[in-house]
Amino acid sequence: MYQKTKIILAILLSFSFTQAKDMQEWLRPSEIPQPKNNKLTPQRIELGKLLYFDVRLSSSEKISCATCHHPKHGWSDEIATPKAIGHEGAVGSRNSPVILNTAYQNRQFWDGRAKTLEEQTLKPIEEGVEMNMPLSILIPKLNAIDGYVKLFDIAYPKEGLNKTTLAKALASFGRTVVSTIAPFDNYIMGDKNAISKKAKRGFKLFKTKAHCIDCHEKFNFSDGSFHNIGLNDGELHGKELGRYVVKPRASWYGVMKTPTLRDVTKSAPYFHDGSVQTLVEASSICANGGRYKYNVKNKSTYIKDRGLSRQEIDDLVTFLHTLTGPDMKLKIPTKFPQ
Amino acid sequence: MKAIIYFLLITISINIQAQEHVVDQKNKTFLPSTMKLEVGDTIRFKNSDPFAHNAYADDKANEFDVGMQFPNKDKVIKMKKAGKFNVECAIHPNMLIEVEVVE
Ligand SMILES: [Cu+2]
């Protein structure tokens with residue numbers, strides 16, 4: 001009898017232990033990752049925030065970073081169009097991604113062409129279809145605004161106001177755009193009632209039968225990796241070649257970076273081409289073998305028909321809703337340095 | 001006496017023979033993650049994950065790309081020149097090996 005209880009106890013213990021370990025991988029890292037040469041300080045973040053919302057960074061003085069990545073729209077487009085709209089209504093080639101949790105990614109952009117946020121952040125300013133503002137004009141323009149010169153001197157003493165410090169300041173603000181505590185986080189931290197039964201079923205499917213976890217993993221629900229999920233069929237003539245543009249490596253044909261699923265309810269339309277409006281459709285595509293099941297060049301081996309029923313897709317989507325937290329507390333600046 | 005000569009011959013031949021070093025790819029990591037090799041040595045990439053990897057190096061002296069490597073298929077790459085460089089996975093950019101090749 002005594003022996004039996006001991007065995008049962010051991011089984012129970014190991015069960016609760018694996019359970020806890022299972023949950024740990026979803027926990028938020030204790031600190032926002034940041035590079036050694038640009039540690040986060042309140043002054044840097046505040047300066048970056050002003051720049052982020054300042055339309056004077058664009059040649060038309062109408063567009064800021066927030067035009068395409070707005071806090072009110074889950075850090076995605078202010079205008080919920082499938083493709084980003086920038087300078088004089090020019091339509092870019094890709095859907096604006098959310099800039100949530102970019103601090104946790106070690107490649108930026110859908111195709112990963114920038115390594116760091118510092119490297120990434122100057123590109124949209126100069127890009128013709130985005131802010132259309134050459135840095136050779138922007139840097140002198142900012143240097144003529146006394147308020148900015150002072151703030152840069154406080155945030156980056158003796159480094160001056162130049163390309164490098166502009167990128168550092170914008171990147172610093174970008175790193176603080178982190179998802180807030182969602183019902184799912186409370187569940188992971190032990191509040192068993194934080195999400196519904198249906199959502200729990202969805203979470204289980206997410207990790208098992210549906211195989212979402214193969215790519216959407218850990219705190220940020222992304223493996224930071226590149227996959228072709230079969231949104232287009234055959235050869236991609238005139239379509240998005242994905243990371244293949246960076247270098248024509250066979251395994252980069254049509255691949256895109258796995259996006260975060262945090263706050264995903266706030267950022268429709270979905271996918272790099274904004275071709276899908278609902279989470280039900282997006283999840284069905286990922287779960288049931290891609291939009292095109294056959295004849296897709298370089299489709300990921302993780303994308304297979306998992307045979308999910310409508311009911312199961314519904315459970316998955318209910319689970320995805322638990323990844324949305326309240327909006328980040330943020331005072332959008334209304335007064336800018338003069 | 002004969003035995004000693006044989007022994008010497010064998011050790012010499014082992015020494016001049018290029019060595020093969022095994023790298024496993026498991027749980028989206030390379031094992032080991034740092035390596036010191038000699039010119040002429042080879043790396044045998046194994047894949048213990050249930051999905052594909054794609055090890056590559058963009059270094060000028062030792063550029064290579066094993067291509068899509070499916071589970072349980074090995075790929076062998078020879079080190080051509082001395083130098084220090086990184087091996088990465090084209091699919092999982094968090095995977096990294098720091099390699100040093102010496103003469
Ligand atoms: Cu890999």
Side-chain angles (χ1 to χ4, degrees), chain A residues 21 25 29 33 102-116 119-120 207-208 211-220 222-229 241-259 296-304 306, chain B residues 23-35 42-81 83-99:
Chain A
K21 211 176 137 219
E25 68 175 290
T102 48
Y104 301 86
Q105 308 187 132
N106 80 355
R107 291 290 188 285
Q108 308 296 337
F109 290 124
W110 283 108
D111 55 17
R113 65 186 182 281
K115 273 200 174 173
T116 61
E119 187 187 335
Q120 177 281 326
K207 294 186 290 183
T208 54
H211 282 264
C212 314
I213 194 179
D214 289 354
C215 303
H216 298 283
E217 63 174 15
K218 307 214 171 101
F219 160 68
N220 195 29
S222 169
D223 57 358
S225 304
F226 298 90
H227 311 278
N228 179 344
I229 63 166
L241 294 170
R243 198 155 164 70
Y244 196 74
V245 174
V246 179
K247 189 166 179 174
R249 213 183 277 293
S251 64
W252 284 357
Y253 195 78
V255 302
M256 297 286 171
K257 190 180 65 201
T258 310
V296 175
K297 193 169 152 190
N298 194 38
K299 187 159 83 180
S300 163
T301 47
Y302 305 83
I303 294 288
K304 291 192 186 121
R306 309 292 180 183
Chain B
V23 168
D24 197 7
Q25 300 171 93
K26 201 173 175 185
N27 298 327
K28 297 183 190 168
T29 38
F30 287 119
L31 274 170
S33 59
T34 53
M35 302 179 85
T42 53
I43 302 180
R44 175 177 292 272
F45 289 98
K46 294 194 166 291
N47 182 3
S48 304
D49 274 327
F51 41 76
H53 290 287
N54 182 169
Y56 73 94
D58 273 346
D59 179 62
K60 278 219 176 68
N62 283 293
E63 187 172 3
F64 69 86
D65 184 344
V66 308
M68 278 292 227
Q69 183 185 352
F70 292 97
N72 301 316
K73 295 250 176 353
D74 290 8
K75 300 264 183 174
V76 178
I77 300 291
K78 192 168 180 169
M79 297 299 118
K80 289 171 255 163
K81 290 191 182 136
K84 271 189 181 173
F85 59 95
N86 292 339
V87 174
E88 292 180 52
C89 172
I91 303 164
H92 310 108
N94 293 329
M95 297 173 64
L96 185 81
I97 320 177
E98 289 172 358
V99 180

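Note that the structure is predicted; figures quoted are calculated from it, not measured. Proteins come first, then strands; the chains are lettered A, B, ... in the order of their sequence lines, and each starts at number 1.
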Test item: B:Pro93 and A:Phe226 side chains (from C-beta on) under 4.5 Å apart, heavy atoms
yes
Chain B contact via A:Lys247 - which portion, at a heavy-atom distance below 4.5 Å
side chain
A:Lys218 atom NZ: more than 12 heavy-atom contacts under 6.0 Å
no
Please classify the contact of B:Asn94 with chain A as side chain, backbone, both or neither, using a heavy-atom distance under 4.5 Å.
both
Compare all side-chain heavy atoms of B:Met68 with those of A:Arg249 and state whether any distance is below 4.5 angstrom.
no
What part of A:Gln105 gets closer than 4.5 Å to chain B, counting heavy atoms only: side chain, backbone, both or neither?
neither
Considering residues, nucleotides and ligands other than A:Lys207, do more than 12 of their heavy atoms fall under 6.0 Å from its NZ?
yes
Which atoms of A:Asp214 come close to chain B, meaning under 4.5 Å heavy atom to heavy atom: side chain ones, backbone ones, both, or neither?
backbone
Under a 4.5 Å heavy-atom cut-off, does chain B meet the side chain of A:Tyr302, its backbone, both or neither?
side chain
Could you tell me the separation between the CG atom of B:Asp49 and the OG1 atom of A:Thr301, rounded to the nearest 0.5 Å?
10.5 Å
If you measure from SG on A:Cys215 to NE2 on B:His92, what distance do you get to the nearest 0.5 Å?
7.0 Å
Can you establish whether the number of heavy atoms outside B:Lys80 located under 6.0 Å from its atom NZ is more than 12?
yes
